[in-house]
Each structure stands twice: as structure tokens, then as C-alpha cells.
Protein chains: 2
Amino acid sequence: MKKKITLKQIARELEVSISTVSKALKNSREISKDTTEKIQAFAKLYHYKPNNIALSLKSRRTKNIGVIIPDIVHHFFTTVFRGIEQFADTKGYNVIACVSDESFEKEVINMELLANGSIDGFIMALSAETQLKNDFHHLKETIDQGMPLVLFDRVTDEVICDKVVINDFEAAYMAVKKLIDDGRKRIALVTTESYLNVSEKRAQGYYQALKDHNLELDKSLILRLPYQFEDEIMSETFFATTNLDAVLCVNEIFAVRSMRIAQRNGLRIPEDVAFIGFTDGILSKLATPALTSVAQHGERMGEIAARMLIEKIERDDEKELEEETFRTEVIEATLIERESTIN
Amino acid sequence: MKKKITLKQIARELEVSISTVSKALKNSREISKDTTEKIQAFAKLYHYKPNNIALSLKSRRTKNIGVIIPDIVHHFFTTVFRGIEQFADTKGYNVIACVSDESFEKEVINMELLANGSIDGFIMALSAETQLKNDFHHLKETIDQGMPLVLFDRVTDEVICDKVVINDFEAAYMAVKKLIDDGRKRIALVTTESYLNVSEKRAQGYYQALKDHNLELDKSLILRLPYQFEDEIMSETFFATTNLDAVLCVNEIFAVRSMRIAQRNGLRIPEDVAFIGFTDGILSKLATPALTSVAQHGERMGEIAARMLIEKIERDDEKELEEETFRTEVIEATLIERESTIN
DNA sequence: TATTAACACGAAACCGTTTTCGTTGTTAAT
DNA sequence: ATTAACAACGAAAACGGTTTCGTGTTAATA
């Protein structure tokens, strides 16, 4: 077992100083050709690679970015993660992934742990609990210490930083409008508890679309499910007793579940009832019938978030002077039409 | 903006030495009560937290583990990742996630990058290309440098290290046996190119089960699809022209796709044809009909891999002496029966 | 009173680099 | 012969901690 070799060992072996070795390896022309070649040959032979930790300590840059997401077994977040990882990779950054599990405490702990020098910046989506508590002190402190932060999807106005979101309101509006244009009158909404920022925005889009098209808002057409709802009883009775001809779901899991229940109740899709979901993942594509869905372009979102973060990190290097400026990028959602609606 | 405070600054401010501050913060009883309290109060006031990088440099431990997986937008890997992350978290480790994208080169580059001090050990599943090339020098070198490594799922006999896998052969055997016991005679296999170790093992289990039950191996009943097959034409003709009454698929995506095609061709599931897939993910649960599936217990796999790795890392601390010993943990796959087979 | 032990603290080495700033020994210019 | 310039290298500081090993005071002991 050959442990990694260090500058010091090379120096001792070749009877030169550490500085000479360091310079020779960077082709400094302070060092003679002879010595340089000798050192480089030796280094190559022993597979010398500088120690990242030592480099980080010196440069105060880790080339790591921290990503905190509420859940990893979740198509949308996974997609965003991939976008982040891909972009980060091209820029030579590594990604440290933390899962908050929708827990406020885990979010706080993980953030504080990573903020102590392990990373150069954060990308995150708020946990459900954090949004519920409305407590963002950990984010504010992190920013205050000069750590760049980009929020995506699950954001908040309380924290001033770079953000990247989709136009949830407009997307929901657009989806509902399509259903109305298709002649649907009784359009249901299947959503989560309202403290989830994005769900709420989608609900608003739903309300507005109904209003603009002179459809009454019927509370009995709104089904609110707990975030990760395994039990299907609530939805069962909803579909059995409610007279509806279209359904908008705030995610694809709710949508596919709902479709199954509707089908069990003898409803034909899309003839009797049309479905549109959010999150255009693999479920939407492979459901029967295939689900018309609002694509959130997670991968692009991740890429943009990573780009914003890295730009800020590397700008901090250059110019300390200029005033901080924060942006919010809005990604346009797209409606992908499939078999669960008519076109 | 208050940058993080360091020991040196505290020392200067309080007119004591750096060592005194360091000791006081660890409640060393070398330091008087008075001084200790004064220092701790000051440190608390300024939110002092030791710099992780400096600690790592000193201790030669990063408390980071590197995870390299071929794909993150993939239910099984995501699940394993969650298991790793969860266990690592309880032990105070962070996870650096790299996606090889099934590319040999990305795998090599990422490994070499991380191996230079950024992490204490690796957990990985081999990329398809790596398995195809059968080139494992990067793994061997990493191990040779004393870096612990745990392989999961996509493993190889060429590399001697800790491993965790499921009993693919037996699982496939068991699945096919169930189909046979249900009276199926013409059982198809939908699989990937054979260089994927796990697919091959599953195929072997399939062959053996047929053989043991005196069913002939009919090559026309085997469909090999490229790894991420988007085009459905090949499968279309397969299901249209082949006379079969059951299908075993090596993953759930193939299974759900196949079911759709079969249904389009007027076949009833499970009456006319039964389906069993591998990877018991969300697709299996929400497909119509729900898919009978071999659960690979990814989360447990991740947890076990993380446990093995961290044990090895922390044992390395204690005893350098004793001989290395490597284990291979086999996780028992489970057949989850749903609507796509009769029971 | 001289010796010793306990106490409270500081100096310095160390982890592995980079980088600035000498310090030599030659060589060319005066 | 003297000096300036240059080439080639080393010493040391710095990054932010931990830890070992002094060292000076004071109090207890012989």
C-alpha cells in the first residue's frame, strides 16, 4: 500500500527544498530546466497530486457546493440535482448532497455544518417544515457570513438572495384554461396543504383561471391531501361522490393515483374526465393513459441555479467592492399534452 | 457582513495565546475557570465554529464520503443514495455525489479528483462503459493508496474490496418459478445488453428456472434492448408477433412499457399474459395494472454499504496492523405481488 | 529555607500547500 | 577589480486549527 506522496517527501528524496519542488511542478522559470525535469519525472513516477485539503486551506476555496433538498427519491428534485451536478462538473466543482427530509432541524444542522468551510456556496429548496414555521434565520446567517446562496423552486420572499423558480401561477392558469377551452365545466383541484409555497401559487392560478372564465369556485371540488399521502380513502370518496369532468393535480403522483381511482369508478379518461398534472416525469409518460403534464424543466432549473451560484462565487474572488445584486430567474413551464386530455 | 471569526482573532482580542483559546473551547482543565468562561462567552457571542478544512488537514479525515453512481434520475440508485445519505448523516459524514453518466472517463476523473484528500472513502456502482471495457485500474489504484471502497449492485470480481449486492440469480429464478407455478409456459425475458453484470445474472436465473422445470429455452422469447431505450418499435413487433403468456423484465421501466404495448395489442393482464419486473419503485405501484415486482431494497443496500465503509474508515484509525479483510453482503430480494400476476 | 508539585498559560511543531522575499554564486558591464 | 544583474534556489510566513512540551508563579512539603 503506497500512501499518497507529499511535496515534503519529494523534496527530501531529491535533496531540494519544498519550495523548489512546488515551483518546479508549476513550471516556474525560477527553477532550472534540469531540476524541473528531474522533479517532474519523480513526481510523475510516484503519481504525485496535490492535496485538495491543503489547497483549500490556502486558497479559501473548496470547489465544493452544497445542495440541500427536501427529498431525493422525488423525480423533480432528482432532475434538478442532475442539472446542478452536470453544470458543476464542467466548472470543476463537486456537489455535496444533503437531504433535509422536509425537516427544519436537519436543514439547519446540515447548513451549519457545511458552512464552516466545507463548501463555497449553497443551492437549496426549502423543507416543508421550514416553510410552515416561517423561520429562516439559518439562511440569513449564512448569507450574512458572505456565503453565496441560491434558492430554487421552494423559495421565500423573506430571504434576499438569488432564486430560480418556474411561473407556477401562469402554468396552472394555462392548464386550467386549456381544460376550459376543451369544454370542461367542473374542474377539480387536487393539491397539498397550503403552506407549500408552490402549491399555493398553483392554486391561485387555478382560481384566477376559473374567475376569468366566469366559472364559479366550488370548494367541494378542491381536495387537499397530506404531502405524502399513502392512504387512498379520502381521494376514493372524493371521486365517487363529486361530479367533475376535469382534474388539475399539483404533482404527477397525485395525478396518477387520481386517474387510477377514477378508472376504478368507471370513468373514462379523457372522455368523461380529463387530467393534468405537474412535474413531467417518468410517471406521466408511462401512465395509462399517458398524463398531460406541466413540465417544470428541472434539469434546466438546476443548471441555471448552479450557474448563478458559481458566477457569484467566482465574482467574489475578483471584486469585493461592488454592491451585491440578486436576481430571480423565472423558467417558463410548458404543457406537455398526452392522452389524459383531448386535443 | 461578518466573516467567520478564527482562533487567532479571538486570541488577539482577548490578549491570550491561540493555544489557550483552543484549549478553553474544549474545556481543557489546563485553563483556569475564569479564562475559560471569558473565552467561551466571547466565542459564543461571535458564533465561533472551527474551520472544517483546517481540522481535516490536521486530522487527515474529512468526514466526507464519495458516492459515484451511473445515473441519479433512476429510482433504484436514488433509493440507494438515500440509504447512504441517511446512515452517513447519523455518523456525522457528508456525502459528495458524483454521476458517472455511464461513462468510463467521468468515473475515472471524478475518482481521481476526489481521491486527493477530499474524502475518506468511496461507495460506487460501476458505469456501464466501465463494465464493458473491463478496465478497473482506477479502482485498484485507489484501493492501493489505502482508500476504502465499497461497491454495490454493479460490482466485479476483478476488484477485491467490500461489496453489497442482491441475489439477482435467485431472485430471477424465484420470479420465473412463480410464473411457472401459475401455469405459464411461454415466458419471455426482456433484458439489456449482456455486459451489464446484473442483467446477466438475472438472465442466468431465468435460464436455470426454465431448465429445472423442463421448459425449453426459446431464443425468440428473449428481447434485448439498449440500456435506455426510448424507441418502442422493437418491442412493438416483439409483442405483436411472439406468442407468450408471461414476461420477466430486468427493470420496471421495461416492464411498464411492455405492459402498455401488450395492452395496446389487446392482451389482458394478467389473464392472457403476466408480468414481473425488477426494481420495486413508484412505477410498479402506480402502473395499471400494478406491477408484480422484485424489490431490491435499495435503501437497505445503501445503508449497509455506508455502514461497511464507515466501519472500515474508522477502523483504519485505530489499528493499522491487522490484515485487511473484505466482505460481500448479499441482500435477499423479495417478490412483491400485485395485479400483473395472479396469486 | 530549599525543594517540589500543581496550576495556568505560551511557544512551537505539525498537517500540505503556495508565495514572498531573501541569499547565494556567476556572469557581464563598468 | 568592482559592481550590478541575473539565475537558481531556500527560508519562512501564511492558511486555521490541535497538541506536545516547556516555563514562570504560587503554594505545599520536607
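Below, read A as the first sequence line, B as the second, and so on, with proteins coming before strands; counting in each chain starts at 1. Quick caveat: nothing in here was measured; it's all calculated off a predicted structure.
Nearest to the side-chain atoms of A:Leu55 among the listed nucleotides C:dC9, D:dC15, C:dT18 stands C:dT18. For B:Pro50, whose side chain is taken as the heavy atoms from C-beta onward, the closest listed nucleotide among C:dT17, C:dG10, D:dG17 is D:dG17. Here C:dG16 is the nucleotide among C:dG16, C:dC9, D:dA12 with the atom lying nearest to any side-chain atom of A:Asn51. Candidate nucleotides D:dG10, D:dG16, C:dG10 were compared by shortest atom distance to the side chain of B:Ser17, and C:dG10 ranks first. Each of C:dA11, D:dA11, D:dC15 was ranked by its minimum atom distance to the side chain of A:Lys58; first place goes to D:dC15.
Between the P atom of D:dG24 and the CD atom of B:Glu30 lies a distance of 17 Å, rounded to the nearest Å. As a whole-Å value, the separation of A:Arg12 CZ from D:dG10 C1' is 17 Å. Atom-to-atom, CG of B:Asn27 to P of C:dA8 comes out at 14 Å; the value is rounded to the nearest Å. Note: CD1 (B:Ile31) to P (C:dA11) measures 13 Å, nearest angstrom. The interatomic distance linking A:Arg61 (CZ) with C:dT18 (P) rounds to 17 Å, in whole Å. Taking atom NZ of A:Lys23 as the reference point, atom P of C:dT20 lies 10 Å away to the nearest angstrom. Between B:Ile18 atom CD1 and C:dA12 atom C1' the separation is 11 Å, expressed in whole Å. Atom CG of B:Leu57 and atom P of D:dT19 are 14 Å apart (whole Å).
Inter-residue side-chain proximity for B:Lys3 and A:Gln145 is flagged as unmet; no heavy-atom pair is nearer than 4.5 Å.
Of the possible donor and acceptor atoms, one in the side chain of A:Ser56 sits under 3.5 Å from a partner among the backbone N and O of A:Arg61.
Phosphate proximity of C:dT17 to A:Tyr48: present, with a side-chain N or O under 4.0 Å from OP1 or OP2. Taking side-chain N and O atoms only, A:Ser32 has no distance below 4.0 Å to OP1 or OP2 of D:dA7. A sub-4.0 Å separation between OP1 or OP2 of C:dC15 and a side-chain N or O of A:Thr6 is absent. Phosphate proximity of D:dG16 to A:Arg60: present, with a side-chain N or O under 4.0 Å from OP1 or OP2. Regarding contacts with the backbone of C:dT19, every side-chain N or O of A:Lys26 stays at 4.0 angstrom or more from both OP1 and OP2.
When heavy atoms are screened at a 4.0 angstrom cut-off, A:Ser56 is found touching no nucleic acid atom at all. Base contact: B:Ser22 has a heavy atom under 4.0 Å from a base atom. Here B:Ser19 lies in heavy-atom contact (under 4.0 Å) with a base. When heavy atoms are screened at a 4.0 angstrom cut-off, A:Ser59 is found touching no nucleic acid atom at all.
B:His138 and B:Glu107 are linked by a side-chain donor-acceptor pair at a separation below 3.5 angstrom, with hydrogens and angles left out of the test.
Mapping B:Ala54 and B:Lys33 onto DNA chain C via the closest heavy atom, the residue that lands nearer the 5' end is B:Lys33.
Nucleotide C:dT30 has D:dA1 as its partner under the Watson-Crick or G-U criteria, with both atom distances under 3.5 Å.
Annotation: B:Tyr46, atom OH; neighbour count of heavy atoms from other residues, nucleotides and ligands within 6.0 Å does not exceed 12.
Using a cutoff of 4.0 Å between basic side-chain nitrogens and carboxylate oxygens, A:Lys2 and B:Asp144 are scored as salt-bridged. Taking 4.0 Å as the cut-off between side-chain N and carboxylate O, A:Lys312 and A:Asp162 count as a salt-bridged pair.
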